[in-house]
Novice: 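Structure provided below as structure tokens; questions to follow.
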Amino acid sequence: MTPPAPPRPPAPWQVVVALPIPALDFAAPHGYGGAVPLGCRVLVPWRGDLAVGLVVSEGEGGAGTHRLREAVHILDDEEGPWVPPATVRAVTAWAQDARLPAGLVWGDLLGVGWEADLDHRVRAVAGADLGAFGARAPTRAWADAAAFAPGLLDAVREQGLLEEAFRPRPRTRPVVRARPLAEVPAGARRVTVLRAAPQAPATLTPKGRVAWSWLAQHGPQPTLSAWARGAGVGAGVVSGVLNAGGAGYALEDAPPPPAWTWLREVGPAESLSAWAAGASADGVALTPTMAGTLAARGWADTVPVPASPPALPAPEAAWTTPDPDRLPEAPAWRLHGGRPLGRFRTLAPRVLRLLAEERGVLVLAPDHATLRRAWEGLSGLATAAGTRAVQVSGALSGVEREHSWQLIRSGGAGLVVGSYLALTAPLPDLALVVVLEEGSDAYKLQSGSRAFVPDVAARVAAAHGAELALVGGAPAAESVPLPGAVLPPPRARVHVVDYANPPEQPELGPLSGVHLTPGDLGYPISHDLARLLRQVQERGRQAALLAPRRGYSALLRCPSCEHTPGCRNCDVPLRFHQTTRQLTCHQCGYHESVPDRCEQCGERMWKARGPGTEWIAAEVAKLAPGLPVYRCDRDRQDDLAPLHAGESGVVVGTQLLLSGQAPPNLALIGVTLADTWLNVSDFRASERYHRLLRQLAEWHPERAPLIVVQTFQAEHPALRVMVEGKDALAYPAAEERARQALGYPPHARLAQVEVAARDAGKAQVAAQDIFDALHGAGATAGEVLGPAPSPVARLRGVYPYHLLLRARDDARLAQLLGSLDRPWKARVRVDVNPRGGL
DNA sequence: AGCACGCCGACT
DNA sequence: GTCGGCGTGCTC
């Protein structure tokens, strides 16, 4: 008979907080006997206070060098985990492979639930003497925790002498309301006024007498200057009357300000600025500053009101007779081509079937425009299947997102359409993850983790045993090898203006034969495009011109010495903005006015190079006078309402233009300089260019506007497939084969290691150390490229060096990254599956 | 990320 | 003598 094993202490938990640090171990709360609450949020002691954390795994245990603190409270127990355990495992494993601190990744990917609004009460445990903690320590009576210093509570807690009770508080949102008149401080309701004395003093001058009788007749005035202005005398006269006793200050009831009356009648406002905007719209003048002043004086205050569920656009009606399901049956598959509506229609039967089986479907969109279209195209399916659709995205407020999250978790919503913030949504039985436009760079998170959302989505889907569907206008080269379906391309008419091979020109001037410049075809707007713009004007139609950049020009150049003004913080040229006469860094935002003269040679003239939206818009105004020109870029977003109402005009914009709806009468789309999309040192540049052309072709939901592409590379295959009417797979398939030859994704997995320090030499040495460490760990010459100074040699004052790791698969990449897992003498960041600027 | 600790230069 | 720069390290 073996003696019974002594009771094992419960396993510690690994908990992440939303900070860029690894998960930390905590002991289970005192007396907790259940399993590790994977995916639940917990309150943990943190820096003398409490913080919300997420339980991501069972802790290592045993090897603990210090006594673990106990988690204080489990936030999600009865209603189930906040994040499904399978999702927790997938995301945490991805973070581990990418050598990223778990907290950094979770902070990025979990956008809901890091703040807990709790009713928190405390008391001393029975028999505890808290006298040593001072007079302001908890007693046996329950009391609000807010009454004690957090640090003191933590000390009592650590001693195990604190009993705590938590209750969720209903979520509220703050609104600005008009204070009841009785509550407005008397000081705000009464004003000081100048009032005429009953009798004019005898000593008054003639002008003083005039001023006195004016005041006596017109009633009290708020200020001396108002009195003087009204009486038509100087400021000296009225103060003379005041000093002589002909007038005095008095307190008087003020009428409530009109803005207060407005707020009382219309109802609470969401914010001070909303109050100002609302009142102004109704003709009650109120600036945000004035609103703030009124609130400070006590006319309005901010009160919490219960939060209401998010107002979502109503789901669109689903197709009454869904098409048969022709989609592949595979763990991962793709669907591309056609138009967005056609793709959603093809997707519908599969989504409908899964929803009807009460399983969960998650649809991820890279940007707001795609999200909106997906909602319009798919949300109705939820209603048809007897469930609900919800959104989770940054467009919703925190409280609204929490509402969506709770609804999903309770099984009340089977279809989730959202941004990357929806990736970890607690769908009870996830069956399908749809990643829309999987090649979009917008999926690359710019924040700390630099996660590429489709990568993580694939791991989440796999962990749930759910299907992964990649759906969009054109597949990424990475998707090509998957089984899939391609819809016929939308009708597209593409006209190419070939700047590299201008046709013979019959009328050449005296300089003919010296050199042929793009100017011969018309630059930056070709004669062809100009002619088409005038046609658009004559026929009352609409056009859109896509310029490669905002601002007036790419850069200024000195005509005599070729010097280009650059940014002080970053090694990039400053962009020239005509209207503000400013040079701006599009990297860090630094700006200065245009220098009078070249700092190298003293030349006073500048030459603009590389047309931006501002320049193109000015050019259109010249070439088609009278045609309304609108602009749409990050700097300036004109009101496009007249265009959407069908009026004739042309809109000049950057790619931002495509995130809006196409104008209804769109007949012409011009790409003013297509080469800009290709002249990027990034192996994905041509794929991106192809995707842009496909986006242009499907921008208008029904029409096929003429697309004019001005380029020096008229024979580029990404463009040729469009001209020849090939399908959406043709170019990516060719690209995928080319990537095989070059050893690029999908035939390799890349990671960029960024080594940065304020001192360039330090960064270089550290980069070399890392290079040596990788080779020491068995990396081959083909697997480590670099180190090289970053293409932008200096960014915001730091000097980054880059190493590129190229592994055959995820496992090998994780292995290589493993040898970076120790401290270096510079800041080291890993970017798995980097995009842009390679 | 914050925040404390710690080590060296310019000032009341 | 202190004030304050930001380099380094820690958060269970």
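Computed from a predicted structure; not experimentally measured. Reminder, nothing fancy here: chain letters follow the sequence lines and each chain counts from 1.
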Novice: Rounded to whole Å, how long is the line connecting atom CG of A:L43 with atom P of C:dT11?
Specialist: 20 Å
Novice: Measure CG/A:L24 against P/C:dG9 and give the value in whole Å, please.
Specialist: 17 Å
Novice: Between A:F452 and A:W94, does the ring centroid distance fall short of 6.0 Å?
Specialist: no
Novice: For A:W114 and B:dA1, what is the distance between atoms CH2 and P respectively, to the nearest whole Å?
Specialist: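 Answer to the nearest Å: 15 Å.
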Novice: For A:L104 and B:dA1, what is the distance between atoms CG and P respectively, to the nearest whole Å?
Specialist: 8 Å
Novice: Without decimals, in angstroms, what is the distance between A:R69 CZ and C:dC10 P?
Specialist: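 Rounding to the nearest Å, CZ of A:R69 and P of C:dC10 are 18 Å apart.
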Novice: Please report the distance, rounded to the nearest Å, between CG in A:D49 and C1' in B:dC3.
Specialist: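 These atoms are roughly 14 Å apart.
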Novice: What is the distance, to the nearest angstrom, from the CG atom on A:D25 to the P atom on C:dC10?
Specialist: 17 Å
Novice: What distance separates A:L43 CG from A:F166 CZ, expressed to the nearest 0.5 Å?
Specialist: 5.0 Å
Novice: For A:E158 and C:dT11, what is the distance between atoms CD and P respectively, to the nearest whole Å?
Specialist: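 Distance check: A:E158 CD to C:dT11 P gives 12 Å.
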Novice: Does A:Q768 reach the main-chain N or O of A:P787 with its side chain, forming a donor-acceptor pair under 3.5 Å?
Specialist: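 Checked: no pair found.
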Novice: Report yes or no: does A:K444 contribute a side-chain atom to a donor-acceptor pair with the main-chain N or O of A:A451 at less than 3.5 Å?
Specialist: no
